[in-house]
S.K.: 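Input: one structure, supplied below.
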Number of protein chains: 2
Amino acid sequence: MPGPAFTLDRSSPVPLYFQVAEQFERAILEGTIAPGERIDNEVALAQRLGLSRPTMRQAIQVLVDKGMLVRKRGVGTQVVHGKIRRSVELTSLHDDLSAAGQKPRTEVIAVGRVEADEDVARELQLTKGADVWSLERLRFVDRQPLAHMHNYLPVDVVDLDAIDLSETGLYAHLRASGIVMRVARQRIGARGASVDEARLLGERKGAPLLTMQRTAYDNAGRAVEYGRHAYRPDLYAFELTLVDR
Amino acid sequence: MPGPAFTLDRSSPVPLYFQVAEQFERAILEGTIAPGERIDNEVALAQRLGLSRPTMRQAIQVLVDKGMLVRKRGVGTQVVHGKIRRSVELTSLHDDLSAAGQKPRTEVIAVGRVEADEDVARELQLTKGADVWSLERLRFVDRQPLAHMHNYLPVDVVDLDAIDLSETGLYAHLRASGIVMRVARQRIGARGASVDEARLLGERKGAPLLTMQRTAYDNAGRAVEYGRHAYRPDLYAFELTLVDR
DNA sequence: TATGTCCATATGTCATGACAAACGCTTGAC
DNA sequence: GTCAAGCGTTTGTCATGACATATGGACATA
């Protein structure tokens, strides 16, 4: 596959397998390695880079998990055909849009402390009536309303009053506050717009909306965020890549 | 964490790491290991089971990828809080429903060879106008129409005429035919029902529908299936678990 | 009391070596 | 000519050993 000469920095804190994976990914995205093309076998690659085979395997595994490479025993490893789309990750809509080069604008409709209803309490592992942050926002792209977002957070996780949420996304701020989200559970569905939603999103009552509910957990398994979102389906859709292992 | 005594069968063709992962998963689902509880460290576990640490790590990694366990360096590995839902996998709706204990019924509306339109040709990596299988079905659960499914397949992949598609699912048949699907790309959205869809699904025209488009690739990177599906949102939703790695 | 340092602990990374199993091609037998 | 057996290639699995690094508590210090 000769491809570009990969460089390794053994003094870097970035793990070697990750350095290799990054450079492979770039080569694939740039087309330096063509779709369908087979890459060298693991043993040869490892030797050429001065790595052990387990490390080389780990690097390849990263891209296999991303759906960019496919392994076949006895045959080799090759680049997957078709355009590579980024899979659904533990990011927010704000991150998604920023990555796509768009500039989202966010309008905070309401923020404050409320009593958790049954749904919110269950999802956040609290008792009903407990004090939680409630955050309601409207997101625009190109002056068009794209999503109506209602999030709930335990009060001991973060102080929402101290944040300017119209500038940065909620997730970006949580990360900056040292909150590490490790697992999230999502439910994607659809329903007709309520009167309020229709008004906010510039649609008619009953117009189809794409909905998403998400509960995010930190690395201690504690629920840190629960959100109910509604999207205009003509402006947004969820894309994901599934990999069978 | 003492937990149940895991058993290993070294003569089995099932990999050791997988045997361990399976038994761990069962213990977690059954509650033998409580949510939030820390499991023993990798070295001790490996020693107790007579395994090497890499193998033990590989077993744990399987469950970390599923979002059931969380690792913390310097601390340990613990069971995630909250109910575990199965993540979106490379399965079909038929599989999903069967796994949930329901008995889906399928009605084949039309099956035959057609010329690929632009969309189909692009997704299946064919030229426009090429001969492809077209399969249109309606899926019921408890006598209620749940989904309208329109799938396209390259003619050289399988012979749909030879199959009874009302009994087994399309994916089950593809697997039985030796077709291995490794990667799939999905796009989930929403829109209003067309007149035809409304009639088939027992809804009104313009009623919100949940839509999914999927292109599946085999292990050679060849597109083997493209489908456009529409679901009744009151009966179906997509659930997925995201894991940050 | 508050803060910084040290240390035990557990996971993260990496190397080396070995055998197993699947795939695809070639070769040989009938 | 067709089919089966054999073989090389490549990934899959597993063992052993070592050092790095983040975490959280104990302890010493200001």
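Basis for what follows: all heavy atoms, side chains included, without hydrogens, waters or symmetry-related copies. The chains referred to below are lettered A, B, ... by the order of the sequence lines, with proteins before strands, and numbering in each begins at 1.
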S.K.: Side-chain N or O of B/Tyr17 versus OP1/OP2 of D/dC14: is the shortest distance under 4.0 Å?
M.R.: no
S.K.: Run the side-chain contact (heavy atoms from CB on, under 4.5 Å) test against B/Pro15 and tell me which residues pass, sequence neighbours left out.
M.R.: B/Tyr17, B/Phe18
S.K.: What's the spacing between B/Leu51 CG and B/Arg10 CZ if we round to 0.5 Å?
M.R.: 6.0 Å
S.K.: With the threshold set at 4.0 Å, does a side-chain nitrogen-carboxylate oxygen contact exist between B/Lys128 and B/Glu115?
M.R.: no
S.K.: Expressed in angstrom and rounded to an integer, what is the separation of B/Gln47 atom CD from C/dT9 atom P?
M.R.: 15 Å
S.K.: Could you give the CZ-to-P distance, from B/Arg38 to D/dG24, as a whole number of Å?
M.R.: 11 Å
S.K.: Separation of B/Asp9 atom CG from D/dC14 atom P, in whole Å?
M.R.: 12 Å
S.K.: Please give, in whole Å, the distance from D/dC14 P to B/Gln61 CD?
M.R.: 15 Å
S.K.: Which whole-number value in Å describes the distance from A/Leu49 CG to C/dC14 C1'?
M.R.: 14 Å
S.K.: Can you check whether B/Thr77 has a side-chain N or O nearer than 4.0 Å to OP1 or OP2 of C/dA10?
M.R.: no
S.K.: Among B/Leu49, B/Leu63, B/Thr55, B/Leu45, which one satisfies side chain to side chain contact (heavy atoms under 4.5 Å, CB included) with B/Val20?
M.R.: B/Leu49
S.K.: Evaluate side-chain contact (heavy atoms from CB on, under 4.5 Å) for A/Leu69 paired with A/Ile60, printing each intermediate quantity in order.
M.R.: CA-CA 8 Å; A/Leu69 292 178; A/Ile60 294 175; 4.0 Å; yes
S.K.: By nearest nucleotide on DNA chain C, pick out whichever of A/Val14 and B/Val43 is the more 5' one.
M.R.: B/Val43
S.K.: Mind calculating the distance between CD (B/Gln19) and C1' (D/dT13) to the nearest angstrom?
M.R.: 12 Å
S.K.: Without decimals, in angstroms, what is the distance between A/Gln58 CD and D/dT13 P?
M.R.: 15 Å
S.K.: Grab the N/O contacts between the protein and nucleotides 15-22 of chain C below 3.5 Å, and write none if there aren't any.
M.R.:
from: C/dA15; atom 1: OP1; to: A/Arg10; atom 2: NH2; distance (Å): 2.8
from: C/dA15; atom 1: OP2; to: A/Ser52; atom 2: N; distance (Å): 2.8
from: C/dA15; atom 1: OP2; to: A/Ser52; atom 2: OG; distance (Å): 2.8
from: C/dA15; atom 1: OP2; to: A/Thr55; atom 2: OG1; distance (Å): 2.7
from: C/dA18; atom 1: N6; to: A/Arg53; atom 2: NH1; distance (Å): 3.4
from: C/dA21; atom 1: O4'; to: A/Arg73; atom 2: NH1; distance (Å): 2.9

S.K.: Within the structure, does a side-chain N or O atom of A/Arg71 lie under 4.0 Å from either OP1 or OP2 of D/dT10?
M.R.: no
S.K.: So among A/Gln213, A/Arg214, A/Glu123, which one has a side chain to side chain donor-acceptor pair (under 3.5 Å) with A/Tyr226?
M.R.: A/Gln213
S.K.: For the pair made of CG in B/Asn41 and P in C/dA10, what is the distance, rounded to whole Å?
M.R.: 5 Å
S.K.: Drop me the distance from B/Leu240's CG to A/Ile188's CD1, to the nearest 0.5 angstrom.
M.R.: 5.0 Å
